[in-house]
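When a residue number appears, it is its place in the shown sequence, counting from 1.
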Amino acid sequence: QVQLVESGGGLVQAGGSLRLSCAASGSSSSLDRIDAWNWYRQAPGNQRELVAQITRFDSTNYVDSVRGRFTIWRDTAKNTVYLQMNNLVPDDTAVYYCNGDSWDQGGMDYWGKGTLVTVSS
């Protein structure tokens with residue numbers, strides 16, 4: 001079992017910054033099976049969008065709209081994944097979800113409950 005808890009969301013003015021955290025807990029065997037940690041976001045009425053990804057090989061991927069502004073990294077000792085968001089714009093407003101994805105056969109897919117980010121103009 002793996003549980004994910006996001007934190008760090010809030011209200012910020014355009015041009016400001018926020019840092020999101022995703023704290024993971026569970027068995028070591030389950031955590032070790034996760035190959036990619038992802039941040040998704042979803043605004044009301046919109047599709048859920050993959051924003052940032054970091055793999056077990058420490059490679060990263062970003063959606064074009066956030067590249068250069070957002071940074072994802074992980075602290076394995078703390079079992080925590082972070083998303084640093086800089087130069088925020090109103091279109092970044094969404095509920096942000098942490099996701100852990102196992103690529104192996106029969107692997108699990110874990111989700112947090114989300115944290116709300118609101119960027120005002």
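Side-chain atoms of Glu6 do not come within 3.5 Å of backbone N or O of Thr115 as any donor-acceptor pair. No donor-acceptor pair closer than 3.5 Å links the side chain of Gln42 to the backbone N or O of Ala94.
Considering only heavy atoms from C-beta on, Val117 comes within 4.5 Å of Met85 through its side chain. Residues Gln53 and Asn99 are not in side-chain contact: their nearest non-hydrogen atoms beyond the backbone lie 4.5 Å or more apart. By the 4.5 Å heavy-atom criterion applied to side chains, Tyr97 and Asn38 are not counted as neighbours. Within the 4.5 Å cutoff, no side-chain heavy atoms of Ser30 are placed close to those of Gln1. Between Asp104 and Arg33, the closest side-chain pair of non-hydrogen atoms falls below 4.5 Å.
No continuous path of hydrophobic side-chain contacts links Tyr82 to Val2 [ILVMFWY only; heavy atoms under 4.5 Å]. A continuous path of ILVMFWY side-chain contacts below 4.5 Å connects Val66 to Ile54, so both sit in one hydrophobic cluster. Linking Ile, Leu, Val, Met, Phe, Trp and Tyr whenever their side-chain heavy atoms come within less than 4.5 Å leaves Leu4 and Val95 in two separate clusters. Val81 and Trp73 are members of different hydrophobic clusters when ILVMFWY side chains are connected at heavy-atom separations under 4.5 Å. Note on Leu20 and Val63: same hydrophobic cluster, where clusters join Ile, Leu, Val, Met, Phe, Trp and Tyr whose side-chain heavy atoms are under 4.5 Å apart, directly or indirectly.
Taking OG1 of Thr55 as the start and CG of Asp35 as the end, the distance is 8.5 Å to the nearest 0.5 Å. Atom CG in Asn86 sits 9.0 Å away from atom CZ in Arg19 (nearest 0.5 Å). Here the straight-line distance linking atom CG of Asn79 with atom CD of Gln3 works out to 11.5 Å at 0.5 Å rounding. Atom OG of Ser102 and atom OH of Tyr110 lie 6.0 Å apart (nearest 0.5 Å). Atoms CH2 and OH, from Trp39 and Tyr62 in turn, are 12.5 Å apart once rounded to the nearest 0.5 Å. With rounding to the nearest 0.5 angstrom, the CG atom of Leu11 is 8.5 Å from the OG1 atom of Thr93.
Partners of Tyr40 according to the ring-ring contact (aromatic ring centres under 6.0 Å, His included) rule, which considers only residues two or more places apart in sequence or in another chain, are Trp111. Under the rule for a salt bridge (Lys or Arg N to Asp or Glu O under 4.0 Å), Asp75 has no partner lying at least two apart in sequence or in another chain.
Minimum interatomic distance between Ser21 and Thr80 (heavy atoms only, all atoms of both residues): CB-CG2, 4.3 Å. Closest approach of Ala36 and Trp103 over heavy atoms only: CB-CZ2, 3.6 Å. Closest heavy-atom contact between Leu31 and Gly26: CD1-O, 3.8 Å.
Legend: salt bridge (Lys or Arg N to Asp or Glu O under 4.0 Å) pairs involving residues 81-100, not counting sequence neighbours, sorted by first then second residue: Arg41-Asp92, Arg69-Asp92.
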